[in-house]
2 protein chains.
Amino acid sequence: MIKQRILVTVDNIIFTITQDSLQILLIKRSIEPFKGERALPGGFVMEDETLQQAAYRKLADETSVKNAYLEQLYTFSEVKRDPRGRAISCAYIALMSRENVMIKPWDDAEEVKFFDVKKLPKLAFDHKKIVEYAIQRLKWKMEYTNVAQYILSKKFTLRQLQDVYETILDQQIDVRNFRKKIEKLGLVKETWEKEIGVQYRPAKLYTFVDKNLKIVEIL
Amino acid sequence: MIKQRILVTVDNIIFTITQDSLQILLIKRSIEPFKGERALPGGFVMEDETLQQAAYRKLADETSVKNAYLEQLYTFSEVKRDPRGRAISCAYIALMSRENVMIKPWDDAEEVKFFDVKKLPKLAFDHKKIVEYAIQRLKWKMEYTNVAQYILSKKFTLRQLQDVYETILDQQIDVRNFRKKIEKLGLVKETWEKEIGVQYRPAKLYTFVDKNLKIVEIL
DNA sequence: CTAATAGTGTCTCTGAGACACTATCTA
DNA sequence: TAGATAGTGTCTCAGAGACACTATTAG
């Protein structure tokens with residue numbers, strides 16, 4: 001009765017952060033269409049898994065991280081977005097700390113690597129649009145929730161936390177005011193440890209109090 | 001090569017507002033499964049239309065409104081959510097002013113009507129969960145954007161605007177502070193008209209300045 | 001006039017922003 | 001000690017919240 005034939009895929013926008021740049025993971029396509037071009041890692045959804053499970057499965061295919069933060073972004077459905085036929089893509093944002101990531105080789109890609117979001121190559125399909133939307137959502141989440149924890153290591157200095165905000169929001173923040181705000185929100189607590197191996201006054205290490213996503217106005 | 005068989009549907013959560021209650025449109029299912037139960041209006045996506053277009057088409061099927069505000073909410077994909085087989089549903093939120101709505105009879109439903117969100121009947125499929133999520137999103141949008149305009153008539157009094165906020169957010173707001181905030185945001189402008197037909201001091205009528213969705217902190 | 005709602009004045013207190021300052025570490 | 005970054009004190013000003021007040025209409 002229903003003759004509908006629409007393929008369902010997931011695509012992951014995997015964010016991580018380095019010194020001073022926000023990065024996403026891209027693969028190089030080894031097959032047509034868009035062979036040789038960069039694209040978001042993703043693939044078809046299986047009939048016995050949810051979209052979220054498919055996104056997790058794909059994430060595990062490409063990286064060593066299994067328990068990353070994952071959030072549905074948007075479902076893209078332009079009729080001509082895939083030249084092979086009608087396909088919609090549910091995009092997922094993943095956040096992980098760089099130290100926890102180990103990139104795996106992947107059967108469908110010649111190369112998998114992180115790119116600075118400010119220096120992205122040309123992307124296959126409608127992935128440019130997807131990435132732009134993901135960055136916008138990420139910025140938003142940074143301002144209004146405690147997602148930052150998922151992109152930082154367990155223990156971190158307040159300076160590192162501020163760097164994450166400054167890098168993702170792409171703006172400078174006053175040190176004093178940032179600390180006042182973070183302290184007042186009660187999102188983090190001090191540990192008794194300090195930074196080691198630095199050639200100046202070592203900073204205290206902090207951890208997040210609440211592991212769950214919380215809505216709070218940070219900036 | 002790809003043997004995937006997943007059906008793609010859309011469901012609309014159509015919000016409107018009356019005196020003092022937030023309401024959504026529900027149909028009564030005339031066919032199995034869940035025959036006789038209430039459900040969100042929706043249906044299968046066609047191969048030559050986007051999800052948004054499918055949602056608009058369905059909206060036009062059920063109501064007389066053609067240019068309502070429509071926003072993708074989330075794609076629900078639990079494996080067992082539809083007893084007929086694997087189907088995912090992309091849910092859309094629609095907002096409309098009550099005066100513009102005329103409900104049409106619908107071939108797949110014995111009855112179509114608005115229900116107070118605080119007095120919802122049992123819902124088919126996973127629609128209860130979808131509605132809850134939609135209400136949460138709507139509250140959020142009310143606080144941080146100018147969406148209120150899409151659920152009000154073109155011209156309105158500040159009291160009516162405040163009523164919309166109080167009803168949706170389900171909380172009282174101080175009259176003075178609400179007006180100060182709205183004025184400062186510059187979202188609305190006075191017209192030279194006033195309310196008519198009331199038995200007390202008539203209020204000035206206002207309109208929204210910007211027809212597009214804007215992110216601003218209102219409360 | 002009264003009843004009813006529209007609409008305003010203003011005080012307090014919190015917190016954002018700016019910016020100069022002090023503290024503590026390594027070498 | 002110098003050099004570097006961690007971390008703090010404090011002033012100003014905008015705005016959220018509380019609440020009492022005045023204005024304007026119908027009848």
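In what follows, every chain begins at residue 1, and chains take the letters A, B, ... in the order their sequences are listed. Hydrogens, waters and symmetry mates play no part in the numbers below; they use all other heavy atoms, side chains included.
Within the 4.0 angstrom heavy-atom criterion, base atoms lie near A:K180. At the heavy-atom level, B:V198 lies under 4.0 Å from the strands shown only through sugar-phosphate atoms. Using a 4.0 Å heavy-atom distance criterion, B:R176 is classed as a base contact.
B:Y200 places its OH atom 23 Å from the P atom of D:dT22, with the value rounded to the nearest Å. Remark: C1' of D:dA16 and CG of B:L185 are 13 Å apart, rounded to the nearest angstrom. Going from atom CZ of B:F178 over to atom P of D:dA18 covers 15 Å, rounded to whole Å. B:I196 places its CD1 atom 19 Å from the P atom of C:dT5, with the value rounded to the nearest Å. Separating the NZ atom of A:K184 from the C1' atom of C:dG17 is a distance of 15 Å, rounded to the nearest angstrom. Atoms NZ (A:K194) and P (C:dA23) sit 14 Å apart, rounded to a whole Å. Atom-to-atom, CD1 of B:I218 to P of D:dG15 comes out at 15 Å; the value is rounded to the nearest Å. Rounded to whole Å, the distance from CG on A:D174 to C1' on D:dT12 is 14 Å.
A cation-pi geometry, defined here as NZ or CZ lying under 6.0 Å from the six-membered ring centre and within 45° of its normal, holds between B:K113 and B:F115.
Aromatic ring centres of A:Y144 and B:Y144 lie closer together than 6.0 Å. Taking the six-membered ring where the residue is Trp, the centroids of A:Y56 and A:Y92 are separated by 6.0 Å or more.
When each of B:L219 and B:Q199 is assigned the nucleotide of DNA chain D bearing its nearest heavy atom, the one mapping closer to the 5' terminus is B:L219.
Screening A:L25, A:I151, A:T63 for a side chain to side chain contact (heavy atoms under 4.5 Å, CB included) involving A:M96 leaves a single residue, A:T63. Considering A:I14, A:L120, A:V112, A:I13 as possible partners of A:L26, the one that fulfils the side chain to side chain contact (heavy atoms under 4.5 Å, CB included) test is A:L120.
In this model, no side-chain donor or acceptor of B:R159 finds a partner on the base of C:dA6 within 3.5 Å.
Residue B:K181 places at least one side-chain N or O closer than 4.0 Å to OP1 or OP2 of D:dA16. The phosphate of C:dG7 has OP1 or OP2 within less than 4.0 Å of a side-chain N or O from B:R179.
Comparing C:dA18, D:dG17, C:dA6 by their closest approach to the side chain of B:N177 singles out D:dG17.
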